[in-house]
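These notes concern the structure reproduced below.
From a predicted model like this one, the values you see are computed outputs, not experimental measurements.
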Amino acid sequence: MPKATRGKRNGASHSSIYSHAGKSSAAHNLFKMKTDIGQHVLKNPGVAQAIVDKADLKQSDIVLEVGPGTGNITVKILEKAKKVIAVELDPRMAAEVTKRVQGKPESKRLEVMLGDVIKTELPYFDVCISNTPYQISSLLTFKLLTLLPSPRTCILTFQLEFAQRLFAHPGSALYSRLSVNTQMWATVTHIMKIGRNNFRPPPAVESSVVRLVPKRPRPQVSWEEWDGLLRICFVRKNRTLRAGFLGTTTVMEMLEMNYRTWCAQNDVRVEEGQSEQEGESGMEVDVAGGGGDEVEEFGDEEEECGGIMDVDDDDTPQFFQDELDEKARQLNAKSGSKRKRKGKVAELVREKVRRVLEDKTELADKRARMCDEGDFLKLLWAFNKEGIHFS
């Protein structure tokens, strides 16, 4: 009987089931983790404490915690902060983290929001701490970078390779649009690695904790313009910028449409008419002058279906991809399934793009993976001066 009694207490004990799970198969069956939505609960209390310590919390801080799980980090944050806003997708987890502080004074300082953090309108907070589900790593990073007012600091746990991409430098294999955006809008530093066995269940890869501090004051650059430029440049980061712009039909059509919009908004008259600089077959002609094989002709199925829409899914959050899809639908509705002969406006835009790449910035032959933040700022400034916009 005593053994049965101890077994019953262990089965009812929160700390046994959730802090030391894996020792009890019965407990695991009662609360099975949903790994398909990235549920990997941090079970090492020492690591949890280190994460909270790295946030340098103040007693007046409101902390946003993304994915609180069973509350192992939550209770440690409540020891230092004024309030915790925990956003949890799984109702079981939301109920569990609530029970962790039920009947305690801390319960008045915990607000649990049930839902998808990416789709949720977030209230004000000073600090974000997240054991991030790997499936939303990009989405959460972009959301935190665009928040106004921006948080003071973010302590984020990511898959190791994803974390390395955040602070990758030009020329490295992991350098991407994500790298440029993160380093433009925030200062990012690596804090520590976390072995996979510190989680329950263990993920397939190692993890890393990073500190992301949004820059203050924020760069005086439009996020939409900046990210629109990067999306084009990193469609094929190993291609030259000349090929990425002048050699991609969909990009040029999008820029033409944006230029027409800019002209309409600024009372600039655009001269319509048929261009004479075009081949009989309807294919584009290299007006950049000696572009060689960097500027491609069009008409093959791969290019017609590719272009700007062929983007690395890991680098492109869905809401950005939806925007690109809508832009493509607009272009297709306007021009039909066949390429139309180019007009004077299209040639004007093409010449403006050529002038920016070759004359004003001299970056035409540089590849996106080798460009740094200064190069992209130079490009954006030069394009905008020509009336070429990306949003």
Evaluate Glu96 against Thr70 for side chain to side chain donor-acceptor pair (under 3.5 Å), listing each step before the verdict.
CA-CA 6 Å; Glu96 192 55 43; Thr70 56; over 6 Å; no
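- Here the side chain of Lys143 pairs a donor or acceptor atom with the backbone of Ile118 at under 3.5 angstrom.
- The backbone N or O of Leu42 sits less than 3.5 Å from a side-chain atom of Asn72, completing a donor-acceptor pair.
- When the side chains of ILVMFWY residues are joined at heavy-atom separations under 4.5 Å, either directly or via intervening members, Tyr134 and Leu174 end up in two distinct hydrophobic clusters.
- Counting heavy atoms from C-beta outward, Leu64 and Leu122 have side chains that approach closer than 4.5 Å.
- The distance from the CG atom of Leu229 to the CG atom of Asp227 is 9.0 Å, given to the nearest 0.5 Å.
- By the criterion of side-chain heavy atoms lying less than 4.5 angstrom apart, applied directly or through intervening Ile, Leu, Val, Met, Phe, Trp or Tyr residues, Val345 is grouped together with Met254 in one hydrophobic cluster.
- Here the shortest heavy-atom pairing between Asn197 and Lys43 reads O-CE, 3.1 Å.
- A distance of 10.5 Å separates SG in Cys371 from CZ in Arg369, rounded to the nearest 0.5 Å.
- When all heavy atoms are compared, the tightest approach of Leu145 to Ala186 is CD2-CB, 3.8 Å.
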With side-chain contact (heavy atoms from CB on, under 4.5 Å) as the criterion, how do Tyr175 and Val180 come out once you've worked through the C-alpha distance, each side chain's angles and the decisive distance to 0.1 Å?
CA-CA 8 Å; Tyr175 189 63; Val180 183; 3.2 Å; yes
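- Using a distance-only test at 3.5 Å, with no hydrogens or angles considered, a donor-acceptor pair links the side chain of Thr120 to the main chain of Asp116.
- Contact between Ile85 and Pro123 at its shortest, heavy atoms only, is CD1-CG, 3.6 Å.
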Check the pair Val127 / Leu57 against side-chain contact (heavy atoms from CB on, under 4.5 Å), numbers first and verdict last.
CA-CA 8 Å; Val127 176; Leu57 296 177; 4.0 Å; yes
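- At a cut-off of 3.5 Å, with distance as the only test, a side-chain donor of Ser130 or Thr132 sits close to an acceptor on the other residue.
- Only one option out of Val356, Val349, Leu379, Leu380 pairs with Ile388 in a side-chain contact (heavy atoms from CB on, under 4.5 Å); it is Val349.
- Closest approach of Glu225 to Ser391, counting heavy atoms only: OE2-OG, 2.7 Å.
- Once rounded to the nearest 0.5 Å, the distance linking NZ of Lys54 with CD of Gln49 reads 12.0 Å.
- Residues Arg350 and Leu246 meet the side-chain proximity criterion, which asks for heavy atoms closer than 4.5 Å.
- Using a 4.5 Å cut-off on side-chain heavy atoms (C-beta onward), Ser208 and Phe158 make no contact.
- Under the 4.5 Å side-chain criterion, counting only non-hydrogen atoms from C-beta, His389 is not in contact with Tyr259.
- The environment of Lys104 atom NZ is sparse: at most 12 non-hydrogen atoms of other residues, nucleotides or ligands sit within 6.0 angstrom.
- The backbone N or O of Leu178 lies less than 3.5 Å from no partner atom in the side chain of Asn181, so there is not a single donor-acceptor pair.
- For the pair Leu348 and Lys352, the minimum side-chain heavy-atom distance is below 4.5 Å.
- Other residues, nucleotides and ligands contribute more than 12 heavy atoms inside 6.0 Å of the NZ atom of Lys366.
- Between the Ser172 side chain and the Ala168 main chain, no donor and acceptor come within less than 3.5 Å of each other.
- Classification of the Trp223-Trp185 ring pair by plane angle, with boundaries at 30° and 60°, yields tilted.
- Closest approach of Arg218 and Leu147 over heavy atoms only: NH1-O, 4.0 Å.
- Between Glu79 and Lys76, no side-chain nitrogen of the basic residue sits less than 4.0 Å from a carboxylate oxygen of the acidic one, so the salt-bridge criterion is not met.
- Electrostatic pairing of Glu386 and Lys360 counts as a salt bridge here, judged by a charged N lying under 4.0 Å from a carboxylate O.
- Listed for the Arg355 side chain is no donor-acceptor partner under 3.5 Å among the backbone atoms of Asp359.
- A centroid separation of less than 6.0 Å is found between the aromatic rings of Phe390 and Phe383.
- Taking CD1 of Ile51 as the reference point, atom CD1 of Ile155 lies at 9.0 Å (rounded to 0.5 Å).
- With contacts defined as side-chain heavy-atom distances shorter than 4.5 Å, the pair Val235/Val251 does not qualify.
- A donor-acceptor pair is defined here as one N or O able to donate and one able to accept, closer than 3.5 Å; no such pair exists between the side chain of Thr182 and the backbone of Ser179.
- No side-chain heavy atom of Lys193 sits less than 4.5 Å from a side-chain heavy atom of Glu206.
- The backbone N or O of Gly195 lies less than 3.5 Å from a partner atom in the side chain of Asn198, making a donor-acceptor pair.
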Does the salt bridge (Lys or Arg N to Asp or Glu O under 4.0 Å) test come out yes or no for Glu358 and Arg242, once each step is laid out?
CA-CA 8 Å; Glu358 297 185 357; Arg242 177 190 285 110; 3.1 Å; yes
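- Tested against Asp61 for a salt bridge (charged side-chain N to carboxylate O under 4.0 Å, His left out), the candidates Arg109, Lys83, Lys80, Arg152 yield a single pass: Arg152.
- Rounding to the nearest 0.5 angstrom, the gap separating the CG atom in Leu166 from the CZ atom in Arg211 is 14.0 Å.
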May I have the step-by-step check of side chain to side chain donor-acceptor pair (under 3.5 Å) for Thr74 and Glu65, ending in yes or no?
CA-CA 7 Å; Thr74 313; Glu65 186 184 9; 2.6 Å; yes
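- No more than 12 heavy atoms of other residues, nucleotides or ligands sit less than 6.0 Å from atom CD of Glu161.
- Using modelled atom types, no side-chain atom of Lys237 and backbone atom of Arg177 make a donor-acceptor pair closer than 3.5 Å.
- Cluster membership check: Ile73 shares its hydrophobic cluster with Met192, using side-chain heavy-atom separations under 4.5 Å among Ile, Leu, Val, Met, Phe, Trp and Tyr.
- At a threshold of 4.0 Å, the pair Asp126-Lys82 does not count as salt-bridged, since none of the basic side-chain nitrogens sits closer than that to a carboxylate oxygen.
- Tracing side-chain contacts under 4.5 Å through hydrophobic residues (I, L, V, M, F, W, Y), one reaches Val353 starting from Val268; they form part of the same cluster.
- Leu212 and Leu148 fall into different hydrophobic clusters, where Ile, Leu, Val, Met, Phe, Trp and Tyr are joined by side-chain heavy atoms under 4.5 Å apart, directly or via other members.
- Remark: Cys128 SG to Leu140 CG distance equals 6.0 Å, nearest 0.5 Å.
- For the pair Asn131 (side chain) and Gly69 (backbone), a donor-acceptor distance under 3.5 Å is absent.
- Considering every non-hydrogen atom in both Phe162 and Ser138, the closest pair reads CE1-OG, 3.3 Å.
- Side-chain contact check for Leu377 versus Met184: some heavy-atom pair is nearer than 4.5 Å.
- For Phe376, the ring pair (Phe, Tyr, Trp, His ring centres under 6.0 Å) criterion is met by Phe234, not counting sequence neighbours.
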Full working for side-chain contact (heavy atoms from CB on, under 4.5 Å) between Phe125 and Val63:
CA-CA 6 Å; Phe125 60 93; Val63 179; over 6 Å; no
